[in-house]
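Quick notes on the structure that follows.
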Number of protein chains: 2
Amino acid sequence: MNLKDIAKAAGVSTATVSRVLSGKDNVRADTRKRILEVVDRMNYRPNRAARSLRSRRSSFIGLIVADIQSPFFASLSRGVEDIAQKNDYSVILCNTDENPKKERMYLDMMQGENAAGVVVAPTLRLSKTITRSVADSCATVVIDRRVQGVDVDMVLIDNVTAAHDLTAHMLGHGYTRLAGLFGESSSTGLERRAGFEQALQDAGMPSDEQLVLHLPAREDAAHEAVSRFLELDNPPEAVITSNGMLAAGAFRALRDREISVPEEVAFATFDETPWTAMIRPSVTVVRQPAYALGQTAAEMLFKRIADPERPTRQVVLSSELVIRQSCGNHKE
Amino acid sequence: MNLKDIAKAAGVSTATVSRVLSGKDNVRADTRKRILEVVDRMNYRPNRAARSLRSRRSSFIGLIVADIQSPFFASLSRGVEDIAQKNDYSVILCNTDENPKKERMYLDMMQGENAAGVVVAPTLRLSKTITRSVADSCATVVIDRRVQGVDVDMVLIDNVTAAHDLTAHMLGHGYTRLAGLFGESSSTGLERRAGFEQALQDAGMPSDEQLVLHLPAREDAAHEAVSRFLELDNPPEAVITSNGMLAAGAFRALRDREISVPEEVAFATFDETPWTAMIRPSVTVVRQPAYALGQTAAEMLFKRIADPERPTRQVVLSSELVIRQSCGNHKE
DNA sequence: GATTAAAATGTAATCGTTTTCAAAAAATGT
DNA sequence: ACATTTTTTGAAAACGATTACATTTTAATC
């Protein structure tokens, strides 16, 4: 069943039916009603492929993230999906596993398959060239992670400040020897590190190169790193991690050695995950507005789709420092 | 740039280029090579909309789950996505929030937009009629949850047995008064309840109606229910929950009242989540093969797409009882 | 009521592929 | 070398919507 059938049944031309169905132009109220009745009665659904072929715009957007299994990206993706659904778009989910090749492949695919737009949390290695090329051929919003030197819509949190505040809070508790574990494949890792260093510097505290590491976002990497820290002659008094994966590994390492937190080693991390509030001691975190990040990105994307010429903008959402037990403040 | 351009550049007809690009028919090796060179040189990518319009098959599949934020569905979806990617398909992610209306809307959409297939974890309310109609018009695999009386591919775990074994394990520790919290909107909740009851019956144990509830899969629902249990004159000696959401609420309720687990009340649940192994006491769980479930479903889907006539089958994957501290066994 | 402007509708071309059918070329058999 | 089969290619018709343009209908104005 197609447009023609509907047109025939309603006694009008395909053009009119099309106009009604895509909510365009002016159609007389009674013909519109008549057509809608027929459409409803025959339970007709337009063929998206045909529609997208002729109109040169599709009704899906791509969402490219490292791994949907990370709670952060899961919430973010819900934000994107909910807004997309409101706008009658579908979202295609792509997991890159931080692998630039996969990322590039997916980006190519979105371009090739005429996605209406892409929301992407890029790896560090994503070059401006490819970003430019993608952004030129389909609406693009960069989310969570920054991409340098390209004029493109972005929605981010202020990682430097958040890391600075978290670190300063730690220092406020009197810890002086801080270890920091940061992601290696994202701009967020870099920025959080910068905030960390900045806070130490502000406090006139030296940073020990040995205790500051950039790691792949995997539990085992953090577990191993913290285990090694604990074997040092002068182990750190506090550990900060830059994302939920590293946090899990780090926390396990502390527990495996039966280190009491925060008494022997204090702990805090970026990312609220299901266990940070559940565990004892509860873990101080920088809670990121993951869902809102996704919503905002999707909203911006649809604005850009509607008007490709609008000036690009960068939106920075604020994150929240949630102080719990693991950094020494027992108020909860 | 389109097929015609490529054809012209290669000095052949569009038909031949099409044949090469869709890997069909016989094309002489040297013309194929020549065409591929041109395609590569001009960096051409076929238009999927046109392709899908003409050939009446698309290159995406739908994945319909309750909520991607649940770790179970997140893993499952990774399984689906990884297999889809291997087969050059994209996956469209749909969250129903257990809302039958949304579910139906998405199912309709997949049908209407000519998805090549759908993997769906249906709500209880999903009728056979709609399932039948969807399965007739696009390849369908039902996952995790059963849908009654319809001849369709399914991949499941044996919920009855798993719940039976978990419950029996509890009983083996000497607890006699067991509470059970089950999901209300899925067949899994029903089946797990059945296994629970069965185990009690096998042990000649009465089941207290008051302690067996079907709840929406939300933390607060379980929190409230367990809080009420604890106010009873004869509170349960053990609590079992049917999914990760309920588990979180139940566990919090126990902790809020400073109930010691497992001494005062033992605890166990379906679903391995990030905190079950992290927390102390660690939580005994039925670990479901979520990723494998997704993989298997996707593989079955592609087989069905390839051959719509093949007999339907039901695959049951086994789950694993992971015994930890929360049910009284301190071996870990 | 005639004239004109505006709104509603229709006709037919078009989007970029795949696919059918027929023709040409190559391979095979005698 | 010719007839026959098989393989490779091309021309042109789909697929099902949108849309530019032409036409008809309605409304507005005098």
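Per chain, numbering begins at 1; letters A, B, ... match sequence-line order.
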Polar pairs (N or O, both sides) under 3.5 Å between protein and nucleotides 6-8 of chain C?
{"from": "dA8(C)", "atom 1": "OP2", "to": "N26(A)", "atom 2": "ND2", "distance (Å)": "2.7"}

| remark: Residue set satisfying side-chain hydrogen bond (donor to acceptor under 3.5 Å, both in side chains) with N43(B), at least two apart, ordered chain then number -> none
| Who pairs with dA8(C) - Watson-Crick or G-U, where each distance is under 3.5 Å | dT23(D)
| note | Only one of V141(B), V142(B), V120(B) passes side-chain contact (heavy atoms from CB on, under 4.5 Å) with V152(B), and that residue is V142(B)
| task | Determine yes or no for a side-chain-to-main-chain donor-acceptor pair under 3.5 angstrom, with N95(A) supplying the side chain and D97(A) the backbone. | result | no
Can I get a per-line list of side-chain donor-acceptor pairs under 3.5 Å for residues 1-9 of chain B, giving both atom names and the distance, sequence neighbours left out?
{"from": "N2(B)", "atom 1": "OD1", "to": "K4(B)", "atom 2": "N", "distance (Å)": "3.2"}
{"from": "N2(B)", "atom 1": "OD1", "to": "D5(B)", "atom 2": "N", "distance (Å)": "3.2"}
{"from": "D5(B)", "atom 1": "OD2", "to": "N2(B)", "atom 2": "N", "distance (Å)": "3.0"}

| request: Report yes or no: do T312(B) and D153(B) form a side-chain donor-acceptor pair below 3.5 Å? | output: no
| said: Show, in sequence, the C-alpha distance, side-chain angles and deciding distance for R145(A) and E98(A), and conclude whether the salt bridge (charged side-chain N to carboxylate O under 4.0 Å, His left out) test is met. | reply: CA-CA 12 Å; R145(A) 301 162 171 197; E98(A) 309 280 13; 2.9 Å; yes
| field | Test side-chain hydrogen bond (donor to acceptor under 3.5 Å, both in side chains) applied to T188(A) - qualifying residues, sequence neighbours left out | value | S186(A)
| query | Nearest-Å distance, NZ (K8(B)) to P (dG16(C))? | reply | 13 Å
With a 3.5 Å cut-off and sequence neighbours excluded, list the donor-acceptor pairs that the side chains of residues 57-67 of chain B form with protein atoms.
{"from": "S58(B)", "atom 1": "OG", "to": "N114(B)", "atom 2": "O", "distance (Å)": "2.6"}
{"from": "S58(B)", "atom 1": "OG", "to": "A116(B)", "atom 2": "N", "distance (Å)": "3.1"}
{"from": "S59(B)", "atom 1": "OG", "to": "R48(B)", "atom 2": "NH1", "distance (Å)": "2.5"}
{"from": "D67(B)", "atom 1": "OD1", "to": "R78(A)", "atom 2": "NH1", "distance (Å)": "3.1"}
{"from": "D67(B)", "atom 1": "OD1", "to": "Q69(B)", "atom 2": "N", "distance (Å)": "2.9"}

| task | Summarise how protein sits on nucleotides 16-22 of chain D as a single string, 5' to 3': B when a protein heavy atom is under 4.0 Å from the base, S for sugar-phosphate-only contact, - for no contact. | result | BBBB---
